[in-house]
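Below is one structure, written out as structure tokens; comments come after it.
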Amino acid sequence: MPLSGLFVPLVTPFTPGGDLAADALERLAHDVLDDGAAGIVALGTTAETAALTVDERSRVIDVCADVCAQRDRPLIVGAGTSSTAESQTMVTSIDRRATAALVVVPYYVRPTEQGVVEHFRQLAGASPVPLLVYNVPYRTGRPLAAGTLAELARMPNIIGFKHAVGGIDDTTIEFMSRALPHTTVLAGDDLFVAPMLVLGAAGAISASANVATRAYADLLTAWRDGAVSVARGLHDRLAPLVAALSAGPNPVVLKAVLHAQRRIPSPRVRLPLLPADPAMTAAALDAC
């Protein structure tokens, strides 16, 4: 199943009492697919994965996998830690209903770039599903050079990247110019989806698309169809919304907006995150 188009990294809805709201997650998954998403991402950063229990993570995957199976859409499942051994355990036991595993570059420990290469070589060799490398240096503390990204792209069982470096920098331009035909690059920064499409990205993984699924799907469709002015107009319209949704840590404002829209049962997030300031929520609702 090709990984192109819009993928929505779903929030994890909680009940007012703080439990996993599986029914709301199922509705949200159907909603984003109805609004034009090509597929969904389970257990991404936006899902507050680090704050979920093992049982909750399993339940989230079950719900998302069932929806994707019903709709014949691809499912990407987040995986990986800063430990190679633990990451290998995660990917080898990943649910076989997943189309791909989204595996983050090892964070916090700041390995060498060759250490990152060897980390992914081991995981790619062990994983029963293809891997997407999640390159997000402002979270991991480990930037990767274009040559390192190209080396990862040549590895068997690595099919692409979620590229989220916080801008369009020299490394991004060089890497995209060297990207192999079989390598899928998905834009990972909501604000830079349109520029990444210009450089050759096949789609996007967009947290803001939890709220603005149709607009992001339309942007990608317009670019694919050559309607550049339409795509640019959608980008310009989405930029203020992205700024408003990014005013607090991901996904606190997203969840506040989804709750205000009566799409999830509460705006609750789990510590160390705190609920969105009401002014942030109001600004985001105004930008919708």
Side-chain angles (χ1 to χ4, degrees), residues 2-9 32 35-39 41 44-46 76 100 102 104-105 132-140 142-150 152-153 158-247 250-251 253-254 284 287-288:
L3 295 181
S4 62
L6 175 65
F7 291 83
V8 181
V32 300
D35 283 343
V41 180
T45 307
T46 308
I76 300 171
L102 178 64
V104 68
V105 170
L132 284 169
V133 176
Y134 184 10
N135 182 33
V136 57
Y138 53 85
R139 287 188 182 273
T140 65
R142 175 67 274 175
L144 299 176
T148 302
L149 295 170
L152 291 170
I158 290 181
I159 59 169
F161 298 79
K162 177 183 177 183
H163 192 71
V165 301
I168 305 296
D169 59 5
D170 293 351
T171 297
T172 298
I173 292 171
E174 182 181 352
F175 169 55
M176 294 301 291
S177 72
R178 297 170 58 179
L180 301 173
H182 68 271
T183 300
T184 293
V185 179
L186 300 174
D189 291 305
D190 294 358
L191 189 61
F192 300 108
V193 169
M196 285 295 292
L197 293 174
V198 173
L199 292 174
I205 297 176
S206 167
S208 298
N210 277 272
V211 168
T213 312
R214 175 58 63 187
Y216 271 103
D218 287 349
L219 189 161
L220 268 64
T221 298
W223 175 258
R224 182 197 64 203
D225 293 346
V228 177
S229 61
V230 174
R232 181 174 179 177
L234 286 163
H235 165 79
D236 292 345
R237 182 161 64 84
L238 283 164
L241 175 61
V242 172
L245 293 172
S246 304
N250 184 28
V253 184
L254 275 174
C288 285

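For the single chain, residues carry numbers from 1 onward in sequence order. Every heavy atom of this structure was used, including side-chain atoms; hydrogens, water molecules and symmetry mates were not.
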Report all side-chain donor-acceptor pairs from residues 220-247 shorter than 3.5 Å, counting only partners two or more places apart or in another chain.
from   : atom 1 : to     : atom 2 : distance (Å)
Thr221 : OG1    : Ala217 : O      : 3.0
Trp223 : NE1    : Leu197 : O      : 3.4
Ser246 : OG     : Val242 : O      : 2.7

Practice item. For Thr183, check side-chain contact (heavy atoms from CB on, under 4.5 Å) against everything at least two apart and list the hits. Key: Ala153, Phe161, Leu180, Val185
Revision key, fill the gap. Value for CG (Leu186) from OG (Ser206), rounded to nearest 0.5 Å, stands at 11.5 Å
Check your understanding: Any salt bridge (Lys or Arg N to Asp or Glu O under 4.0 Å) pairs touching residues 176-190, not counting sequence neighbours?
Key -> Glu174-Arg178
Point to revise | Verdict with reasoning, Thr171 to Val165, per side chain to side chain contact (heavy atoms under 4.5 Å, CB included) | key: CA-CA 9 Å; Thr171 297; Val165 301; over 6 Å; no
Check your understanding: Quick one: CD1 on Ile158 to NE2 on His182, what's the gap to the nearest 0.5 Å?
Key -> 9.5 Å
Practice item. Check whether any side-chain heavy atom of Val136 lies under 4.5 Å from a side-chain heavy atom of Val105, and answer yes or no. Key: no
Review point. For Thr45, which residues count as a side-chain hydrogen bond (donor to acceptor under 3.5 Å, both in side chains) partner, sequence neighbours excluded?
Key: none
Review point. Out of curiosity, Met196 CE to Ile168 CD1, how far, rounded to the nearest 0.5 Å?
Key: 5.5 Å
Practice item. Please identify each residue that fulfils salt bridge (charged side-chain N to carboxylate O under 4.0 Å, His left out) with Asp35, with sequence neighbours left out. Key: none
Point to revise | Under 3.5 Å: donor-acceptor pair, side chain of Asn210, backbone of Pro9 | key: yes
**Study point:** Lys162 vs Ile76 side-chain heavy atoms within contact, under 4.5 Å
**Key:** no
Review point. Which value, rounded to the nearest 0.5 Å, describes the distance between Leu144 atom CG and Leu152 atom CG?
Key: 6.5 Å
Check your understanding: What closest approach, in Å, do Pro195 and Leu191 show between heavy atoms, and which atom pair accounts for it?
Key -> CD-O, 4.4 Å
Review point. Who passes side-chain hydrogen bond (donor to acceptor under 3.5 Å, both in side chains) against Thr46, sequence neighbours left out?
Key: Asn250
**Study point:** Qualifying residues under ring-ring contact (aromatic ring centres under 6.0 Å, His included), relative to Tyr134, sequence neighbours excluded
**Key:** none
Review point. What pairs meet the salt bridge (Lys or Arg N to Asp or Glu O under 4.0 Å) rule with one or both residues in residues 208-220, with sequence neighbours excluded?
Key: Arg214-Asp218
Check your understanding: How long is the gap from OG1 on Thr172 to CG on Asp169, to the nearest 0.5 Å?
Key -> 3.5 Å
